[in-house]
Asker: 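Before I ask anything, here is the structure I am working with.
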Amino acid sequence: MIELVHLQRQFESMKHEVLARIADVIDSGTYILGPNVRQFETEAAEKIGVKHAIGVGNGTDALVLTLDAYGIGPGDEVITTPYTFFASAEAISRVGATPVFADIRPETYNIDPEKVEKAITPRTKAIIPVHLFGQPADMDDIMEIAERRGLLVIEDACQAFGAVYKGRRVGSIGHAACFSFFPTKNLGTMGDGGLITTNDDQLAERIRQLRHHGSTRKYFHERIGYNSRLDEIHAAVLRIGLARIDAWNAQRARLAFRYQERLADHPLLKIAAPAPDRSHIYHLFCLESPERDRVMQELQKAGIQCAVYYPLPLHLQEAYRHLGYKRGDCPVSEKLSETLFAIPLSPFLREDEQDAVIDALWNIEGGKAG
Ligand SMILES: Cc1ncc(COP(=O)(O)O)c(C=O)c1O
């Protein structure tokens, strides 16, 4: 079986260091918000190029705490993409605001700035672009719209740690940004973890309070907060990953380029070219096929894992029925939800395995015809 991602191999590659650092944490007797979290926050802020990085419980909480810290809530609208993991919109609903879905661009799968502009109303407070599958969204256009219309931009960078847009790391472009360290993310831990980055001192202060029951002084609470903190063990593991992330991302991009070269003229497949001026870190390698279900079945028969991202755009989810969207409202997302799928890719995919995936795709009936 060729897996979609290779978490055990990733762990194997750094096992001794991970076990030693975890042992240090256990010996230290400090398990929550200790020196590893502080050091990871400092190192991550430096890597991304921002003043503040704040570790929290997971990527969803990172979005919720950021929205809450900005005072976004009932009566407010936040524009985001319908083609993302549910949490991007769920966080908006969780603070009582309303998600407004703007369709994506077919070439990048990222939110379309023109559609964002059209979706703005007097209630709009913020835009959450998602750097989907590891490719930065069109941040110049989004920032220009936000500035002109007086809106906040919160980057959902959960799938794109280390990706670069026009010389700047994602997470340093919007007013704030959110990351997830879920195990399968390109920077992941062995459990849940999240991070918020910002250059805004006040926002950082508020988020530090919110993540810890609205408190900065033990047993004195200035606001209603959350319990959402990064654990010492996860911060220790993440510091090890952080030292490797650029090499891992480069290997992802190298393998992605191999797929692009070798599958370029496959008659059943369409591979979107990466957009210029930005690095795509390929959290997932996704491609399109008008015969997706048959192609996926053939891959699975050949022992190759593949998966659909995402089978139902968010505007059509049961949970958002009350918002009144219907099929046809976001046609690009709807079409991609029927044609897009991911094939194996991680820094630990071996070339012989990748060759087997490529061969299996060419061996599908109709594959050789063109
Ligand atoms: C785009 C996006 N946003 C938000 C999240 C939420 O992150 P977490 O699972 O850490 O809560 C994820 C990942 O799960 C994601 O892919």
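As the structure lists them, so they are numbered: ligands from 1, and atoms in each ligand from 1.
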Asker: Where the closest heavy atom to atom 2 (C) of ligand 1 is concerned, which of Leu195, Asp156, Thr81 has it?
Answerer: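 Nearest heavy atom to atom 2 (C) of ligand 1 lies in Asp156.
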Asker: Within the side chain of Asp156, is there an N or O that forms a donor-acceptor pair under 3.5 Å with the backbone of Ser88?
Answerer: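 Here the side-chain-to-backbone pair does not exist.
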Asker: Suppose I only count heavy atoms of Asn58 and a 4.0 Å limit; which atoms of ligand 1 are within that range?
Answerer: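 Listed by number with element: 10 (O), 11 (O).
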Asker: With only distance considered, is Gln159 within less than 3.5 Å of ligand 1 through an N or O on each side?
Answerer: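 Indeed, backbone or side chain, Gln159 has an N or O that close.
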Asker: Determine, using ring centers only, whether Phe40 and Phe181 are less than 6.0 Å apart.
Answerer: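 Phe181 vs Phe40: aromatic centres under 6.0 Å.
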Asker: Show the atoms of ligand 1 that are less than 4.0 angstrom away from any heavy atom in Ser88.
Answerer: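 Contacts of ligand 1 toward Ser88, numbered from 1: 1 (C), 3 (N).
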Asker: Within this structure, what is the CZ-CZ distance for the pair Arg350 and Arg9, rounded to the nearest 0.5 Å?
Answerer: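 If I round to the nearest 0.5 Å, the distance is 5.0 Å.
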Asker: Do Lys185 and ligand 1 have an N or O pair less than 3.5 Å apart?
Answerer: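 Yes, there is a polar N/O contact under 3.5 Å.
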Asker: Provide the number and element of each atom of ligand 1 under 4.0 Å from a heavy atom of Thr84.
Answerer: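 What qualifies from ligand 1 is 1 (C).
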Asker: Is it the case that the ring center of Tyr320 lies less than 6.0 angstrom away from the ring center of Phe86?
Answerer: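 Close enough - the centres of the two rings lie under 6.0 Å apart.
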Asker: With a cut-off of under 6.0 Å to the ring centre and 45° to the axis, is Arg217 in cation-pi contact with Phe220?
Answerer: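 So Arg217 does make the cation-pi contact.
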Asker: Out of all atoms in ligand 1, which are within 4.0 Å of some heavy atom of Phe85? Include the element for each.
Answerer: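 With Phe85 as reference, the close atoms of ligand 1 come out as 5 (C), 12 (C), 13 (C), 14 (O), 15 (C), 16 (O).
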Asker: Any salt bridge between Asp355 and Arg258, counting N to O under 4.0 Å?
Answerer: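 So Asp355 pairs with Arg258 through a salt bridge.
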Asker: What protein heavy atom is closest to atom 4 (C) of ligand 1, reported as residue, atom name and distance in Å?
Answerer: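 It is Cys158 SG, 3.4 Å.
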Asker: Which of the numbered atoms in ligand 1 are below 4.0 angstrom from a heavy atom of Ala87?
Answerer: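 What qualifies from ligand 1 is 4 (C), 5 (C), 6 (C).
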Asker: Suppose we measure from atom 9 (O) of ligand 1 to each protein heavy atom; which comes out shortest, and what is that distance?
Answerer: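 I find the closest protein heavy atom is Ser180 OG, 4.0 Å.
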Asker: Let me confirm one number: the CG-CZ distance from Leu269 to Arg292, rounded to the nearest 0.5 Å.
Answerer: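 Going from the CG atom of Leu269 to the CZ atom of Arg292 covers 13.0 Å.
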Asker: Are Phe133 and Tyr282 an aromatic pair by the rule of ring centers under 6.0 Å?
Answerer: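 Here the rings of Tyr282 and Phe133 have centres that are no less than 6.0 Å from each other.
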Asker: With heavy atoms only and a cut-off of under 4.0 Å, state how Val130 meets ligand 1: side chain, backbone, both or neither.
Answerer: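 For Val130, the contact with ligand 1 is made by the side chain alone.
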Asker: Side chain, backbone, both or neither: which part of Thr60 comes within less than 4.0 Å of ligand 1 when only heavy atoms are counted?
Answerer: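 The answer is both, backbone and side chain.
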